[in-house]
Chemist: 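Here it is, the structure in full.
For the numbers below, each heavy atom of this structure counts, side chains included, while hydrogens, waters and symmetry mates do not. Whatever order the structure lists ligands and atoms in, that order sets their numbers, starting from 1.
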Amino acid sequence: MSGVNEIRSTFLDYFRKEGHEVVSSSPLVPRNDPTLMFTNAGMVQFKNVFTGLETRPYSTATTAQKVVRAGGKHNDLDNVGYTARHLTFFEMLGNFSFGDYFKERAIELAWTLVTKGFDLPKNRLLVTVYAEDEEAALLWKKIAGFSDDRIIRIPTSDNFWQMGDTGPCGPCSEIFIDQGEHVWGGPPGSPEEDGDRFLEFWNLVFMQFEQTAPGERSALPRPSIDTGMGLERMACILQGVQSVFETDLFRTLIAAVQETVGKKADGEAMASCRVIADHLRSSAFLIADGVLPSNEGRGYVLRRIMRRAMRHMQLLGAREPLMWSLLPALVGEMGRAYPELVRAEALISETLKLEETRFRKTLERGLSLLSDATGTLKKGDMLDGETAFKLYDTYGFPLDLTQDALRAREINVDLSGFNDAMQRQKAEARANWSGSGDKATEAVWFELKEKHGATEFLGYDTEAAEGVVQ
Ligand code: ATP
Ligand code: MG
Ligand code: MG
Ligand code: MG
């Protein structure tokens, strides 16, 4: 059985022996990069090295990078608890070449590690390549001895990676494992690809072009490599389980949840346990890296994650703040690899306790309003925007928490009604203040209210958030 700590060191040791510099994970809040909400891939800390703006004393590197995908371009928040493979916080293992080796060596290195280092059975592996990248297909044939049916050509942007609208970019190749016929799902590119049978665990990006303007691309003088392997997904494969939530680390966390609420969970309660275990990790790591719950930006994403977990705790029967009491289990599992978690333990604990105490004041009343408002609704119906807005405005329910609460019953929220209610409230607030005569005070008041007051919408404006995110 391979635990996550062993997998991490197998990966890093392998690339170190192959001449790569072992570089530490960068923080979850990217330094000097206001365009990106959270570090969402291993390459983030090397962005400027790839573009040539910055040089390092090494030309190849390897990392175990902590990442959060809960906002912006890569947002897996809604998947968590409901798919077998998505987490909001996970570790991405990567190897990087800054103009050093390219496609052939990258595929060789990956293939050797996967089949010799991790000993995965060759006959269960398959890869995708970008449809126009015949070179990659030929290399996989040569190096792995794959027949054509194991090399799936994908014509969509799924297999063409771009850092942004301009900058380095290139085709990518993803490695999948077939978990067996007993698991539902089809190969990548097929209509059943969302099933769990074929699990993607490693993505190799061949950075070979530079996008100079929309529709204009030139060859990079020094093509580079960026790869990312999901540590938890590899653990899932090596431990012979079908879901990341059944791996050793998550079993421990889920056991802690069950012990804390004093019940054994199954079915929907198990989905709650998964959400809580995942959200505990992302919350703890975000707080350790300096994010605190607030009403806008990164802090609001954190608040959404925390409150969502807290509603699930309530569903499991918790009637007092309990998230903080799960923290020692997490620190016990991950504190050695991430000492910042140990250093910040008291802060994380206090922040969880404070936020949960605050949220519990309105949680129960909000939930009973929600159940009254949806009592007669059926699958496919919509919750009116007014109620969703009231939950948000008066009871502190982030919109996605309400959506998550209705998901199992397949009830949607009327989003345009929600936005109308929001706009109307803003307009009314303004109207109520007109005629006060003191325009300057008024302006300050609105600024404050918009920032701190009832309309904690700023951070939730996904359109605006997406705009600034990579
Ligand atoms: P998926 O298609 O499953 O959503 P992806 O193609 O979005 O994954 P990449 O951006 O290629 O993922 O990231 C590189 C690797 O990181 C993936 O191959 C996978 O092993 C891992 N990974 C990506 N998203 C998650 C997640 N939400 N939770 C856990 N691991 C992930
Ligand atoms: Mg994804
Ligand atoms: Mg993918
Ligand atoms: Mg991928």
Chemist: Nearest protein heavy atom to atom 20 (O) of ligand 1, by residue and atom, and its distance?
Modeler: Gly230 N, 2.9 Å
Chemist: Which residue owns the protein heavy atom closest to atom 16 (O) of ligand 1, what's the atom, and how far is it?
Modeler: Phe90 CE1, 3.6 Å
Chemist: Look only at interatomic distance and state if Phe201 has a nitrogen or oxygen under 3.5 Å from any nitrogen or oxygen of ligand 1.
Modeler: yes
Chemist: What part of Arg233, side chain from CB on, backbone N/CA/C/O, both or neither, has a heavy atom under 4.0 Å from ligand 1?
Modeler: side chain
Chemist: Do Val129 and Ile154 have side chains that get closer than 4.5 Å, going by heavy atoms?
Modeler: no
Chemist: Which residue owns the protein heavy atom closest to atom 5 (P) of ligand 1, what's the atom, and how far is it?
Modeler: Glu200 OE2, 3.8 Å
Chemist: Answer with yes or no whether Met92 contacts ligand 1, where contact means a heavy atom under 4.0 Å from a ligand atom.
Modeler: yes
Chemist: Taking atom types as modelled, find out whether Gln179 and Arg197 have a side-chain donor-acceptor pair closer than 3.5 angstrom.
Modeler: no
Chemist: Would you say the side-chain atoms of His86 and Asp278 include a donor-acceptor pair closer than 3.5 Å?
Modeler: no
Chemist: Show which atoms of ligand 1 fall inside a sub-4.0 Å distance from at least one heavy-atom site of Glu174.
Modeler: 6 (O), 11 (O)
Chemist: Going by the angle between their ring planes, with limits at 30° and 60°, are Phe418 and Tyr392 parallel, tilted or perpendicular?
Modeler: perpendicular
Chemist: State whether Arg307 and Glu355 are salt-bridged, where the test is any N-O pair (Lys NZ or Arg NE/NH1/NH2 against Asp/Glu carboxylate O) under 4.0 Å.
Modeler: yes
Chemist: Among all protein heavy atoms, pick the one closest to atom 4 (O) of ligand 1 and tell me residue, atom and distance.
Modeler: His86 NE2, 2.8 Å
Chemist: Could you give me the CA-CA distance, side-chain angles and deciding distance for Asp196 and Gln242, then say whether side chain to side chain contact (heavy atoms under 4.5 Å, CB included) is met?
Modeler: CA-CA 8 Å; Asp196 294 327; Gln242 250 98 64; 5.6 Å; no
Chemist: Measuring only between side-chain heavy atoms, which start at C-beta, is Met323 closer than 4.5 Å to Lys353?
Modeler: no
Chemist: Among all protein non-hydrogen atoms, which one is nearest to atom 14 (C) of ligand 1, and what is the separation to 0.1 Å?
Modeler: Gly228 O, 3.5 Å
Chemist: Start with the C-alpha gap between Arg343 and Glu345, add the side-chain angles, then the distance that decides, and say whether salt bridge (Lys or Arg N to Asp or Glu O under 4.0 Å) holds.
Modeler: CA-CA 6 Å; Arg343 282 197 297 272; Glu345 189 169 357; over 6 Å; no
Chemist: Starting from atom 11 (O) of ligand 1, find the nearest protein heavy-atom neighbour and note its residue, name and distance.
Modeler: Asn203 ND2, 2.8 Å
Chemist: In terms of atom number and element, which parts of ligand 1 are under 4.0 angstrom from non-hydrogen atoms of Trp202?
Modeler: 18 (O)
Chemist: Could you check atom 9 (P) of ligand 1 against the protein and tell me its nearest heavy-atom contact, residue, atom and distance included?
Modeler: Arg69 NH1, 3.7 Å
Chemist: Of all N, O or S atoms in Glu200, identify the one at the shortest distance from the Mg ion (ligand 3).
Modeler: OE1
Chemist: Around atom 3 (O) of ligand 1, find the nearest protein heavy atom and jot down its residue, atom name and distance.
Modeler: Arg85 NE, 2.7 Å
Chemist: Between Asp76 and ligand 1, does any nitrogen or oxygen pair lie at a separation below 3.5 Å?
Modeler: yes
Chemist: Main chain of Asn75, side chain of Arg69: is a donor-acceptor contact present, judged purely on distance under 3.5 Å?
Modeler: no
Chemist: N/O to N/O below 3.5 Å, does that happen between Leu87 and ligand 1?
Modeler: yes
Chemist: Out of Phe98, Phe96, Tyr101, Tyr14, which one pairs with His20 under the ring pair (Phe, Tyr, Trp, His ring centres under 6.0 Å) rule?
Modeler: Tyr101
